[in-house]
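Note sheet for the following structure.
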Amino acid sequence: MANTTLEAPGRTSAPTNGSTGAAAEAGMAKAAYQAFWLLRIGFTVAPILFGLDKFFNWSVHWPDYLAGWVNDIIPGSGQDWMYVVGGIEIAAGLLVAVAPRIGAFVVAAWLAGIIVNLLTKNAPQYYDIALRDFGLMLGALSLGRLALAVQPARKRMRT
């Protein structure tokens, strides 16, 4: 029976199922590139749509998700804060679109803040949503890592 185990990229090994190590690495690079674009599009569109929703409360009344301690330290009402949140989310989505190497980590940090807010809002009422946002945060971190590999940093101009 043919050897069907795969080894980590970069290691030299015997061909696996008729494919060479270089072909396997090329396939891995193609998959990483496709994953990068899937996550980049998703983390561009979703924050923009959710940011817009903060202004209109189409899907849910967003101030209901604001922890009391946050509402106590911000000026204005909960809805006023949602306008700020919506603007930040739209900006984060646009940042992912134009600079995913930065935007992905901004979105991940933003999601971490949302998780803290949800974990401290009527515990354990919103734990399920916090867990979902934790998964989204992992996706944003994955996008950031892929962006670092797929889109090399701009070279500095020599002065």
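In this text the structure is predicted, and so the values were computed from the model without any measurement. Side-chain atoms are counted along with the backbone in the values below, which use heavy atoms only and exclude waters and symmetry mates.
For the pair A140 and L111, the tightest heavy-atom approach, listed with the atom from each and the gap, is CB-CD1, 4.5 Å. Listed here is the closest heavy atom pair of A112 and M137: CB-SD, 3.8 Å. Smallest separation of non-hydrogen atoms from F36 and V150: CD2-CG1, 3.8 Å. Looking at every heavy atom in both residues, P47 comes nearest to G42 through CD-O, 3.9 Å. Nearest heavy atoms, V106 versus A92: CG1-CB, 4.4 Å.
Within the 4.5 Å cutoff, side-chain heavy atoms of F105 are placed close to those of L148. In this structure, T120 and W69 have side chains that are in contact, with non-hydrogen atoms separated by less than 4.5 Å. A 4.5 Å side-chain heavy-atom check between N57 and P63 finds at least one atom pair inside the cut-off. A 4.5 Å side-chain heavy-atom check between I74 and L66 finds at least one atom pair inside the cut-off. The shortest side-chain heavy-atom distance between L39 and S142 falls under the 4.5 Å cut-off.
Rounded to the nearest 0.5 Å, atoms CZ (R101) and CZ (R145) are 10.0 Å apart. One finds the CG atom of D64 at 6.0 Å from the OH atom of Y126 (value rounded to the nearest 0.5 Å). Taken from CZ in F50 to CD1 in I114, the straight-line distance is 9.5 Å, to the nearest 0.5 Å. A distance of 9.0 Å separates CG in L95 from OG1 in T44, rounded to the nearest 0.5 Å.
Q79 places a side-chain N or O within donor-acceptor distance of the main-chain N or O of K54, the cut-off being under 3.5 Å. The main-chain N or O of Y65 is found under 3.5 Å from a side-chain atom of N117 such that the two form a donor-acceptor pair. With hydrogens and angles disregarded, a donor-acceptor distance shorter than 3.5 Å links the side chain of R40 to the backbone of A97.
A single hydrophobic cluster is seen to contain both M82 and V60, as judged by linkage of ILVMFWY side chains at heavy-atom distances under 4.5 Å, directly or through other members. Tracing side-chain contacts under 4.5 Å through hydrophobic residues (I, L, V, M, F, W, Y), one never reaches L138 starting from L131; they form parts of separate clusters. Note on L38 and L141: separate hydrophobic clusters, where clusters join Ile, Leu, Val, Met, Phe, Trp and Tyr whose side-chain heavy atoms are under 4.5 Å apart, directly or indirectly. Residues W62 and I48 do not share a hydrophobic cluster, clusters being chains of Ile/Leu/Val/Met/Phe/Trp/Tyr side chains in contact below 4.5 Å. W81 and Y83 fall into different hydrophobic clusters, where Ile, Leu, Val, Met, Phe, Trp and Tyr residues are linked whenever their side-chain heavy atoms come under 4.5 Å apart, directly or through other members.
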- Item | side-chain contact (heavy atoms from CB on, under 4.5 Å) between V70 and K121, worked out | CA-CA 9 Å; V70 175; K121 165 75 176 164; over 6 Å; no
- Message: Applying side-chain contact (heavy atoms from CB on, under 4.5 Å) to I88 and W110, what does each step give before you reach the verdict?
- Response: CA-CA 9 Å; I88 292 170; W110 186 253; 3.7 Å; yes
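Within a 6.0 Å radius of CZ in F55, other residues, nucleotides and ligands contribute more than 12 heavy atoms.
Between F56 and W58, the ring planes lie parallel to each other; the angle is under 30°, not in the 30° to 60° tilted range.
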